[in-house]
*Asks:* 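Here it is, the structure, as structure tokens.
This chain uses plain numbering: 1 for the first residue, then up along the sequence. Every number for a ligand or one of its atoms is a count from 1 in the order of the listing. Since the structure is predicted, the reported quantities are computational estimates derived from the model, not experimental observations.
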Amino acid sequence: MPPREQDRHTIHSGAPHPSPPPSTTFQSIDPSTALPLCTIHTSPQSSILAAIASAKSALSAWSLTPPSARARILRRAATLLRARNAALARIETLDTGRPFSETSTVDILSGADVLEYYAGLIASGGLDGENIPLRPGSAAVHTSKHPLGVCAAIGAWNYPIQIALWKSAPCLAAGNTLVYKPSEFTPLHAEYLADIYAEAGLPAGVLNVVYGGGAVGAALVAHRDVAKVSFTGQISTGRTVAGAASGALKSVTMELGGKSALIVLPDADVAQAVDGAMMANFYSSGQVCTNGTRVFVPAAIKAEFEACLVERMRFIRPGDLFAPETNYGPVSSKTHYDKVVGYIRWGVERDKARVLCGGLGRLEGVPLALRDGYWVRPTVFTDCRDEMRIVREEIFGPVMTILSYETVEEAVSRANDTETGLAAGVFGRDLNECQRIVGLLEAGITWINTWGESPAEMAVGGWKQSGLGVENGRKGLEAWTRNKSTLVEMGGTVPTVFAKL
Ligand code: NAD
């Protein structure tokens, strides 16, 4: 059993501050054992206000710090993250239940990549404005970029430190200050991250952390000093948060859920397409927002695809989450376990979809010591129909649905028949045809002959109900700035209609 982490308290003004009594608490639970890891003190209103005030008082100095100096701090933080990768990955594995083979190769390192990317960008002119000679010699327009002010970031539970870094890196790079609320299900990383930023030289108050559930998030969103809300979570919560924030004309970035389509084209390399579908459904036990859970396969090659898939399913290896060969963990919480198993039950009993692999029941291969964890059998439903609930709603767990099709046009039209538009992808040998199909798919993140990679350079964000705005890439920095345009008249006279006739 891992040692308990020390209690977590609101972080503001550069240090954790225990909440005044009576404080309410909740537990962070290890999903592989269902045992508590840490007591978290919910931030009361007074602590939320203190965190916002701390961010506000640090704003002026931080926003006036030259980009090159801000970049040095971000780069140092990235170096510290890489040096502590193993320890931080261990925390993420305990908190999320995702295997160490994933957390130690993706979460912290991809977050450090984003810090380095934005440090490089702002140190090399990424925040430069424009100078337009309007009337050469007598009038010019300067357009400059400015931070938004105090920002709020609200995270989901699946990739906690990565989400925190994808939000904090561009936010701080652009000269804003931040109040961050991690998900109440996976909050452990936040204090480690705050410590790393502080050690890297981030001034006190630039990054603050509040803890709790929806009420704490809502209090942040509602505060008049918060200029922007960057949110990652479910579509339904996103609608509430975006409604509250944009009602007060705050900037928003919304990274929400999806029900993405993966289309296998008739000429695809079947083994390659199966590998893609496996990654798009079972990596992180299916708890990835961009999962390609609607897998469209030509009727003519469906049998071959399924045979290859059944073979590959044997390579899913639950087990001790710290063993290098383990590539499959439990889902993140009891609440989520009930939701995912509820969908599998619905698929079997109500949608009456055919179970190709998995289904209800106990997952084999789970060590005895982890039997109380939230393990779900990786499940493939086939012969699915578009109207089934398991095909229409985001399950956010290890559940693939296979849908067969006759013509590519039909597959595209069915793939687009959803209110979500986060991701999509195609597998095929003819790259021209793949690009043509991708061009027709209504999604903000698309892949050809691969699935899931999301490097720092790639601006990602959903279409339709899956989001507003983007994270990462050059465009991701813009989302944390506002413009000021100044027209300078140098001709010595003001154009006026009020001259003497
Ligand atoms: P959620 O919507 O339940 O919670 C997300 C966060 O919002 C939590 O921190 C929660 O405490 C907070 N919250 C809840 N109610 C709030 C309110 N009224 N005001 C302010 N904050 C509030 O989502 P979740 O279950 O934690 O995350 C899973 C979802 O996140 C899935 O739908 C997944 O697709 C999505 N997701 C999207 C992306 C992306 O980049 N598009 C990435 C990861 C996860």
Side-chain angles (χ1 to χ4, degrees), residues 26 28 40 42-43 48 95-96 98 106-107 110 114 152-167 179-187 189-190 209-223 226 229-248 250 252-260 283-293 331-340 343 393-397 419-423 443-445 452 454 458-472 476 479:
F26 59 97
S28 176
I40 324 292
T42 303
S43 303
I48 298 169
D95 216 11
T96 64
R98 292 183 29 246
V106 175
D107 300 44
S110 63
V114 170
I154 298 175
W157 46 254
N158 57 336
Y159 276 73
I161 198 167
Q162 187 197 63
I163 291 174
L165 282 159
W166 284 19
K167 293 186 188 308
V179 182
Y180 168 55
K181 190 193 87 62
S183 164
E184 60 274 38
F185 291 104
T186 52
H189 65 287
V209 180
V210 294
Y211 293 107
V216 174
L220 274 185
V221 174
H223 197 283
V226 170
V229 179
S230 176
F231 173 86
T232 298
Q234 302 184 45
I235 292 174
S236 54
T237 321
R239 284 195 186 116
T240 306
V241 173
S246 41
K250 298 173 195 248
V252 292
T253 302
M254 292 280 138
E255 298 292 346
L256 309 178
K259 191 72 187 176
S260 302
Y283 193 72
S284 302
S285 301
Q287 301 164 114
V288 183
C289 53
T290 50
N291 266 358
T293 47
V331 297
S332 73
S333 66
K334 174 74 168 74
T335 314
H336 197 52
Y337 173 87
D338 290 342
K339 176 179 164 183
V340 174
Y343 271 109
E393 296 179 14
E394 183 186 47
I395 300 173
F396 212 53
E419 64 167 10
T420 69
L422 187 57
I445 308 166
S454 196
M458 183 173 173
V460 287
W463 285 15
K464 304 201 279 193
Q465 296 294 300
S466 291
L468 288 169
V470 295
E471 289 187 330
N472 292 345

*Asks:* Can you name the closest pair of heavy atoms from Leu256 and Cys289 and give their distance?
*Replies:* O-CB, 4.2 Å
*Asks:* Can you sort out which atoms of ligand 1 are near Thr237, meaning under 4.0 Å from one of its heavy atoms?
*Replies:* 1 (P), 2 (O), 3 (O), 13 (N), 14 (C), 15 (N), 16 (C), 22 (C)
*Asks:* How far is atom 6 (C) of ligand 1 from the closest protein heavy atom, and which atom is that?
*Replies:* Gly155 O, 3.3 Å
*Asks:* Could you tell me, atom by atom, which parts of ligand 1 come under 4.0 Å of a heavy atom of Gly217?
*Replies:* 19 (N), 20 (C), 21 (N)
*Asks:* Should you measure from each heavy atom of Glu184, which atoms of ligand 1 turn up under 4.0 Å away?
*Replies:* 8 (C), 9 (O), 10 (C), 11 (O)
*Asks:* Under 3.5 Å, N or O to N or O, is Asn158 touching ligand 1 that way?
*Replies:* no
*Asks:* To check your reading of the model: name the closest protein heavy atom to atom 36 (N) of ligand 1, its residue, and the distance in Å.
*Replies:* Cys289 CB, 3.5 Å
*Asks:* What atoms of ligand 1 come closer than 4.0 angstrom to any heavy atom of Ala218?
*Replies:* 19 (N), 20 (C)
*Asks:* Taking the side chain from Ser43 and the backbone from Tyr211, do they hold a donor-acceptor pair closer than 3.5 Å?
*Replies:* yes
*Asks:* Quick check against the 3.5 Å criterion: does Asn291 have a side-chain atom that pairs as donor or acceptor with the backbone of Gly286?
*Replies:* yes
*Asks:* Mark up the atoms of ligand 1 that fall under 4.0 Å of a heavy atom belonging to Gly213, in ascending order.
*Replies:* 11 (O)
*Asks:* Is ligand 1 under 4.0 Å from a heavy atom in the side chain of Tyr159, in the backbone, in both, or in neither?
*Replies:* neither
*Asks:* Under 3.5 Å, is there a donor-acceptor pair between the side chain of Arg98 and the main chain of Asn158?
*Replies:* yes
*Asks:* Give me the nearest non-hydrogen protein atom to atom 25 (O) of ligand 1 as residue plus atom name, then the distance to 0.1 Å.
*Replies:* Trp157 NE1, 3.0 Å
*Asks:* Looking only at heavy atoms, which two atoms of Gly469 and Glu255 are closest? And how far apart?
*Replies:* O-OE2, 4.0 Å
*Asks:* So is there a nitrogen or oxygen of Thr232 less than 3.5 Å from a nitrogen or oxygen in ligand 1?
*Replies:* no
*Asks:* Can you list the ligand 1 atoms lying under 4.0 Å from a non-hydrogen atom of Gly257?
*Replies:* 32 (O), 34 (O)
*Asks:* Counting each atom of ligand 1 from 1 as listed, which ones have a heavy atom of Gly233 under 4.0 Å away?
*Replies:* 2 (O), 5 (C), 23 (O), 29 (C), 30 (O), 32 (O), 35 (C)
*Asks:* Keeping Gln465 on the side-chain end and Ile235 on the backbone end, is there a donor-acceptor pair under 3.5 Å?
*Replies:* no
*Asks:* Does at least one non-hydrogen atom of Gly462 fall below 4.0 angstrom from an atom of ligand 1?
*Replies:* no
*Asks:* Hey, is Val216 touching ligand 1 through its side chain, its backbone, both or neither, going by heavy atoms under 4.0 Å?
*Replies:* neither
*Asks:* Any idea which part of Ile154 is under 4.0 Å from ligand 1, heavy-atom wise: side chain, backbone, both or neither?
*Replies:* side chain
*Asks:* Where the side chain of Thr420 meets the backbone of Gly258, is there a donor-acceptor pair that is under 3.5 Å apart?
*Replies:* no
*Asks:* Does any N or O in the side chain of His336 come within less than 3.5 Å of the main-chain N or O of Phe396, such that one atom is a donor and the other an acceptor?
*Replies:* yes
*Asks:* Heavy-atom contacts under 4.0 Å between Glu394 and ligand 1: side chain, backbone, both, or neither?
*Replies:* side chain
*Asks:* Please report the C-alpha distance between Tyr159 and Ser284 in whole Å, then the side-chain angles of each, then the deciding distance to 0.1 Å, and finally whether the side chain to side chain donor-acceptor pair (under 3.5 Å) criterion is met.
*Replies:* CA-CA 9 Å; Tyr159 276 73; Ser284 302; 2.5 Å; yes
*Asks:* Select the closest option to atom 27 (O) of ligand 1 among Ala153, Ser333, Ala156, Ser260, judged by heavy-atom distance.
*Replies:* Ala156
*Asks:* By number and element, which atoms of ligand 1 are closer than 4.0 Å to a non-hydrogen atom of Lys181?
*Replies:* 8 (C), 9 (O), 10 (C), 11 (O)
*Asks:* Indicate yes or no: at least one non-hydrogen side-chain atom of Pro187 is less than 4.5 angstrom from one of Asp95.
*Replies:* yes
*Asks:* Between the main-chain N or O of Gly212 and the side-chain N or O of Lys181, is there a donor-acceptor pair closer than 3.5 Å?
*Replies:* yes
*Asks:* Below 4.0 angstrom, counting only protein heavy atoms, does anything approach atom 40 (O) of ligand 1?
*Replies:* yes
*Asks:* Could you tell me whether Ser466 and ligand 1 have an N or O pair separated by under 3.5 Å?
*Replies:* no
*Asks:* Just let me know how Glu471 lines up against ligand 1, side chain, backbone, both or neither, with a heavy-atom cut-off below 4.0 Å.
*Replies:* neither
*Asks:* Residue-level breakdown please: for Phe231 versus ligand 1, do any non-hydrogen atoms fall below 4.0 Å on the side chain, on the backbone, on both, or on neither?
*Replies:* side chain
*Asks:* Please confirm whether Ser183 comes under 4.0 Å of ligand 1, counting heavy atoms of the residue only.
*Replies:* yes
*Asks:* Is it the case that ligand 1 has an N or O less than 3.5 angstrom from some N or O of Leu256?
*Replies:* yes
